[in-house]
Amino acid sequence: MIWNKNKECMPREQMRELQGKRLHKLVAYVYHNVPFYRNKMQEMDLLPDDIQTIDDIVKLPFTTKQDLRDNYPYGLMAAPSSEVVRVHASSGTTGNPTIVGYTRRDLAIWAEVMTRSLTAFGVTREDTFSVSYGYGLFTGGLGAHYGVENLGATVIPASTGNTEKHLRLIRDLHITGMACTPSYALYMAEKMEQMGIKKEELGLRIGAFGAEPWTENMRKEIEESLGLKGYNIYGLSEITGPGVSFECQEQHGSHINEDHFYPEVIDPETLQPLPFGQTGELVFTTLTKEGMPLLRYRTKDLTYLMEGTCKCGRTLVRMAPIMGRCDDMLIVRGINIFPTQVESVILEFKQLEPQYMLVVDRKNNLDTLEVQVEVRRDFFTDDIGAMLALKKDIANRLKSVLSIGVDVKLVEPNSIVRSQGKSKHVIDKRKLV
Ligand code: ADP
Ligand code: ZN
């Protein structure tokens, strides 16, 4: 189902025209209201009227997370404080949190794009949907919450924590869908097993999972253990929050709500735009935001854009699943490694729990990478030979995927810290010294 056919299936030409009009208006707005952008444009000899069509976007300056930090807290706000009705902050995964502000209209647009996403997942007014992203400064909780309400389904604001209570509510209130991080979904599945609740006792159908990178193998694992279908939802606080892009029933990339958030993919070194299909850094311009609009914001997320109308009928451009952030990329002995590559391998082994931790260190001037994995209780044996053979299999498989030798460490079930929000998969001891 499609919530807003007019926008989601708009012919390309018309969409580009709309984006151009919105960009033109936006540039004049930030020029007159945000000294940071006015100064940048003046330095570049740019006037608002130099930006007429969406193709002119390449003339505009980029914005980085550092710019947000330098202008902390309200320096990039374009609307007067009397118009700002809510403030959120990023989770601070990679440093100090940054602050974002919303006008009433910004919140309405956020609810709209969330509703489009949930509708694409198959959520209807008949559904009861629990939100287990954290409520608070993090955008996940309230963002998903207002989307569910806007759609007309029933929202259960479960938030994180209280997992046992939440699982009982899922059963007792006939909750049919839930939104949380993929890590928390796994944690819930684990708790369910401990409590002796069978997935068949629950009526879960749909999961809206995001806020961190996850792989196809992880999707299978979660779907299997919770008995639902998992959909990817992407967003970031700087741009609005969850709902920037979403998967449709085809699950072949995520549609970007590009009438509001204009995407580009650039080469992070040269800053030049890349064509469809080429992986680089995702950049967004908020075409309609009033509170804290951003021009060409560099997300640090790595992906590529996909061309063409989707089988679902939507013309909204699609992005591939995020491989990771530029900052997540580990360079070990000169080789680039993403935690998602390791995740994909770990989940191929039915003997392992879907949990892992990468520990990077430097010994005698040589980088080392240890991959800690948990053996499932039913596969754990005293037979040292069998455990060594398993360890060797995992190491071989990792080597063929990562092109680098790693130390595999089998650890006891439940020894890797579980996450209820965004999980941490890397300990880089090289940075600690
Ligand atoms: P922080 O940068 O502090 O984590 P946010 O809480 O705003 O800030 O989180 C946004 C980031 O979360 C994105 O830039 C991206 O790295 C990650 N993210 C969000 N949704 C997804 C998703 N579906 N897949 C992969 N990564 C995601
Ligand atoms: Zn589609």
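All residue numbers in this chain count up from 1 along the given sequence. For ligands, and for the atoms within them, numbers begin at 1 and follow the listed sequence. Just so we're clear, the structure is a prediction, and the values are computed from it rather than from any experiment.
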- May I ask you to check whether over 12 heavy atoms, not counting those of K59, lie within 6.0 Å of atom NZ? yes

- Query: If the Zn ion (ligand 2) is the vertex, what is the angle to SG of C310 and SG of C312, rounded to 10 degrees?
  - Reply: 100°

- Item | Ligand-residue contact atoms, ligand 1 with S237, heavy atoms, under 4.0 Å | 7 (O)

- Message: With a cutoff of 4.0 Å, is T139 in contact with ligand 1, counting heavy atoms of the residue only?
- Response: no

- Of all the non-hydrogen atoms in the protein, which one sits nearest to atom 12 (O) of ligand 1, and at what distance? K422 NZ, 3.0 Å

- Query: For the ring pair H88 and F138, is the centre-to-centre distance below 6.0 Å?
  - Reply: no

- Please find the N/O/S atom of H255 nearest to the Zn ion (ligand 2) and write down its name. NE2

- Query: What part of L236 sits under 4.0 Å from ligand 1 if we count only heavy atoms: the side chain, the backbone, both or neither?
  - Reply: both

- Task: Nearest 0.5 Å please: distance from the CG atom of L76 over to the OG1 atom of T63.
- Result: 7.5 Å

- Please write down residue, atom name and distance for the protein heavy atom closest to atom 2 (O) of ligand 1. R325 NH1, 2.9 Å

- Task: Enumerate the atoms of ligand 1 whose separation from the nearest heavy atom of I322 is less than 4.0 angstrom.
- Result: 25 (C)

- Query: Quick check: does I233 get an N/O under 3.5 Å from an N/O on ligand 1?
  - Reply: yes

- Can you sort out which atoms of ligand 1 are near G210, meaning under 4.0 Å from one of its heavy atoms? 23 (N)

- Message: Heavy atoms only: which of T303, D301, N232 lies closest to atom 15 (C) of ligand 1?
- Response: D301

- Message: Any atom of ligand 1 sitting under 4.0 Å from a heavy atom of K300?
- Response: no

- Can you tell me how far the OH atom of Y234 sits from the CG atom of L282, to the nearest 0.5 Å? 4.5 Å

- Task: Could you check atom 4 (O) of ligand 1 against the protein and tell me its nearest heavy-atom contact, residue, atom and distance included?
- Result: T93 OG1, 2.5 Å

- Query: Under the criterion side chain to side chain donor-acceptor pair (under 3.5 Å), which of E223, E221, E216 is the partner of R219?
  - Reply: E216

- Task: Answer yes or no on whether R296 is positioned over the face of F62, meaning its NZ or CZ is under 6.0 Å from the six-membered ring centre and within 45° of the axis.
- Result: yes

- Task: Go through Q249 and K311 one step at a time and tell me if the side chain to side chain donor-acceptor pair (under 3.5 Å) criterion holds.
- Result: CA-CA 9 Å; Q249 294 297 316; K311 284 195 194 127; over 6 Å; no

- Message: I want to know if ligand 1 touches F138 in the polar sense, i.e. an N/O pair below 3.5 angstrom.
- Response: no

- Taking the six-membered ring where the residue is Trp, are the ring centres of W110 and Y146 under 6.0 Å apart? no

- Message: Checking a contact table here: which protein heavy atom is nearest atom 3 (O) of ligand 1, and how many Å away?
- Response: G92 N, 2.7 Å

- Message: I'd like to know whether OH of Y72 has more than 12 heavy-atom contacts from other residues, nucleotides or ligands below 6.0 angstrom.
- Response: no

- Tell me which part of M319 gets within contact of ligand 1: side chain, backbone, both or neither, using heavy atoms under 4.0 Å. neither

- K65: numbered ligand 1 atoms lying under 4.0 Å from its heavy atoms: 2 (O)

- Task: Quick one: pull up CE in M188 and CG in L202 and give me the separation to the nearest 0.5 Å.
- Result: 8.5 Å

- Query: Of all the non-hydrogen atoms in the protein, which one sits nearest to atom 27 (C) of ligand 1, and at what distance?
  - Reply: E212 N, 3.5 Å

- Query: Looking at CG of L151 and CH2 of W3, how far apart are the two atoms once the value is rounded to the nearest 0.5 Å?
  - Reply: 5.0 Å

- Task: State plainly whether the residues D361 and R430 are in salt-bridge range, i.e. N to O under 4.0 Å.
- Result: no

- Query: How close does the nearest protein non-hydrogen atom get to atom 18 (N) of ligand 1, and which residue and atom is it?
  - Reply: A211 C, 3.4 Å

- Sole residue of L18, I2, T315, N257 in side chain to side chain contact (heavy atoms under 4.5 Å, CB included) with K7: L18

- Query: Among all protein non-hydrogen atoms, which one is nearest to atom 6 (O) of ligand 1, and what is the separation to 0.1 Å?
  - Reply: S91 OG, 2.4 Å

- Who's closest to atom 10 (C) of ligand 1 heavy-atom-wise, of S90, P242, G235? G235

- Interatomic spacing from CE in M319 to CE in M306 - rounded to 0.5 Å: 11.0 Å

- Under 3.5 Å: N/O of W214 near N/O of ligand 1: no

- Message: Within 2.8 Å of the Zn ion (ligand 2), is there any N, O or S atom belonging to H252?
- Response: no

